[in-house]
Amino acid sequence: MARLPMQDEYLGTAIDFAAPVGEPALLAPDSVQWRIYKNPIALGIGGIAAVLLEFAEPRIRSGVWDHSTYKADPIGRSRRTGLVAMLACYGPASRAKAVIGQVNRMHGKVKGETPGGIRYRAMDPLLLDWVAATASYGFLMAYDRFVHALSDADKDRFMRDGDTIGREFGARHTPPTVDAFMAMMNDLEPRFEPHPIIFEFLDIIQSGRAAPGVPRFLHRAIARASVSLLPAHIRRKLDLGPRYDLTRIDRTALRFAGPLADRHVDRTAPHCQASVRLGLPYDFLFKSPAEQRRLLTA
């Protein structure tokens with residue numbers, strides 16, 4: 001089978017989801033992650049929700065805002081983060097580990113003090129645990145709510161398997177269930193606070209600059225959908241009030257966009273290239289569960 005073209009690069013490192021042929025990813029093709037990460041609507045909503053929960057914590061917010069290109073190039077920074085997430089899920093394990101190691105080395109240099117006088121370092125295990133946990137929670141709940149409902153067993157499996165990726169980034173204690181995530185959030189909540197950076201971030205998302213070809217109303221819907229994934233008491237604490245509520249038009253747009261994106265097959269997409277790399281059909285993830293099991297057994 002012909003090799004598909006290279007997907008992208010990360011800070012000069014070539015990312016090819018189609019090679020080396022046969023090399024497994026960090027997670028198996030029948031994982032819940034492979035099913036969810038193929039959906040750009042779920043990743044967009046879930047990724048924004050994760051950032052909101054991370055920016056609620058002043059140490060993480062200061063670390064990102066003061067030591068990255070986020071202020072100057074928020075869209076480029078978000079795209080690079082998204083590429084690493086796709087690589088961690090679908091990429092060949094050796095390349096995924098190499099790039100994640102590069103990310104960790106950059107983060108190892110990040111340290112400082114918040115405006116409130118709290119010292120931080122990016123590789124603090126507690127902060128790494130929270131970042132990994134918010135990503136898992138965001139992607140999972142966005143898919144469940146705006147694409148296809150998931151069983152409790154699939155949700156717990158997703159959270160458990162997220163530990164494999166989280167540990168590569170330095171996390172030590174990732175929550176194995178959604179309930180465990182909520183308990184983790186309750187422990188950190190006393191540190192949460194509203195901040196202008198959170199509203200600036202949401203304004204960037206709603207502006208449509210991240211994907212100019214997508215209608216602006218859908219960007220606004222995605223931003224509001226991400227806020228809707230936060231528990232009500234967290235929204236109140238962050239001052240994310242009624243102006244971020246989903247409208248009827250938002251719900252209608254997402255009801256069509258999420259499932260439609262889940263059926264869209266693009267042979268150049270990371271999940272299709274990764275399937276080919278493992279000797280599976282490029283549309284493996286779009287086949288029935290029974291057919292997927294047959295192909296994996298074969």
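Here, residue 1 is the first one in the sequence, and each next residue gets the next number.
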Can you check whether Pro58's main-chain N or O pairs, donor with acceptor, with Glu193's side chain at less than 3.5 Å?
no
Where is the tightest heavy-atom contact between Asn104 and Met123, given as atom of each residue plus distance?
O-SD, 4.0 Å
Any idea which heavy atoms bring Arg105 and Ala98 closest together, and the distance?
NH2-O, 4.3 Å
Could you tell me whether the side chain of Asp144 and the main chain of Leu150 form a donor-acceptor pair under 3.5 Å?
yes
If we only count heavy atoms from C-beta on, is the Asn39 to Phe139 side-chain gap below 4.5 Å?
no
Exam field: side chain Lys237 to backbone Glu189, donor-acceptor pair closer than 3.5 Å:
yes
According to side chain to side chain donor-acceptor pair (under 3.5 Å), who are the partners of Asp161, at least two apart in sequence or on a separate chain?
none
Return yes if some donor-acceptor pair links the side-chain N/O of Asp66 with the main-chain N/O of Val110 below 3.5 Å, else return no.
no
CD1/Ile118 to CD/Glu57 distance, rounded to the nearest 0.5 angstrom?
7.0 Å
Begin from the C-alpha positions of Asp163 and Arg160 and carry the test side chain to side chain contact (heavy atoms under 4.5 Å, CB included) through to its verdict.
CA-CA 6 Å; Asp163 184 68; Arg160 286 196 307 272; over 6 Å; no
Can you find a heavy atom in the side chain of Val131 that is under 4.5 Å from one in the side chain of Phe169?
no
Ring-plane angle category for Trp34 and Tyr90, please: parallel below 30°, perpendicular beyond 60°, tilted otherwise.
perpendicular
Please check if the side chain of Arg277 supplies one atom and the backbone of Phe17 the other of a donor-acceptor pair under 3.5 Å.
yes
Heavy-atom nearest pair, Arg267 first then Cys272, reads O-CB, 3.7 Å
Distance-minimising heavy-atom pair for Asn186 and Pro190:
O-CD, 3.6 Å
Please report the closest heavy-atom contact between Ala257 and Ile41, naming both atoms and the distance.
O-CG1, 3.8 Å
Chi angles and distances behind the side chain to side chain contact (heavy atoms under 4.5 Å, CB included) call for Cys89, Tyr37
CA-CA 8 Å; Cys89 182; Tyr37 276 53; 3.5 Å; yes
Please check this pair: side chain of Gln273 against backbone of Thr268, looking for a donor-acceptor N/O pair closer than 3.5 Å.
yes
Would Arg293 and Asp30 pass as an ion pair if we require N to O under 4.0 Å?
no
The criterion is salt bridge (Lys or Arg N to Asp or Glu O under 4.0 Å); which residues satisfy it with Lys287, sequence neighbours excluded?
Asp283
Residues forming a side chain to side chain donor-acceptor pair (under 3.5 Å) with Asp156, sequence neighbours excluded:
none
Are Asp245 and Arg235 ion-paired here, with the side-chain N under 4.0 Å from a carboxylate O?
yes
If you measure from the Lys or Arg side-chain nitrogens to the Asp or Glu carboxylate oxygens, is any gap between Asp154 and Arg35 under 4.0 Å?
yes
Does a side-chain heavy-atom distance below 4.5 Å link Ile234 with Leu240?
no
I would like to know whether Ile60 and Val64 meet side chain to side chain contact (heavy atoms under 4.5 Å, CB included); could you show each step before the answer?
CA-CA 6 Å; Ile60 297 176; Val64 172; 4.3 Å; yes
Would you check if the side chain of Asp129 reaches a backbone N or O of Arg172 as a donor-acceptor pair within less than 3.5 Å?
yes
In short, Val147 meets Pro259 closest at the heavy-atom pair O-CG, 3.8 Å
Does any N or O in the side chain of Arg95 come within less than 3.5 Å of the main-chain N or O of Ala19, such that one atom is a donor and the other an acceptor?
no
Evaluate Ile48 against Leu202 for side chain to side chain contact (heavy atoms under 4.5 Å, CB included), listing each step before the verdict.
CA-CA 8 Å; Ile48 296 164; Leu202 284 170; 4.2 Å; yes
Would you please test Asp262 and Lys38 for salt bridge (Lys or Arg N to Asp or Glu O under 4.0 Å) and show each step?
CA-CA 7 Å; Asp262 220 44; Lys38 76 180 186 302; 3.2 Å; yes
Looking only at atom types and distance, does a side-chain atom of Ser62 sit under 3.5 Å from a main-chain N or O of Arg59, one as donor and one as acceptor?
no
Mind checking whether Phe55 and Trp65 have parallel, tilted or perpendicular rings, split at 30° and 60°?
perpendicular
Find out whether Thr174 and Phe181 are in side-chain contact, i.e. whether some heavy atom of one side chain is under 4.5 Å from a heavy atom of the other.
no
Check for a donor-acceptor pair, side chain of Trp130 on one end and backbone N or O of Leu188 on the other, with a separation under 3.5 Å.
no
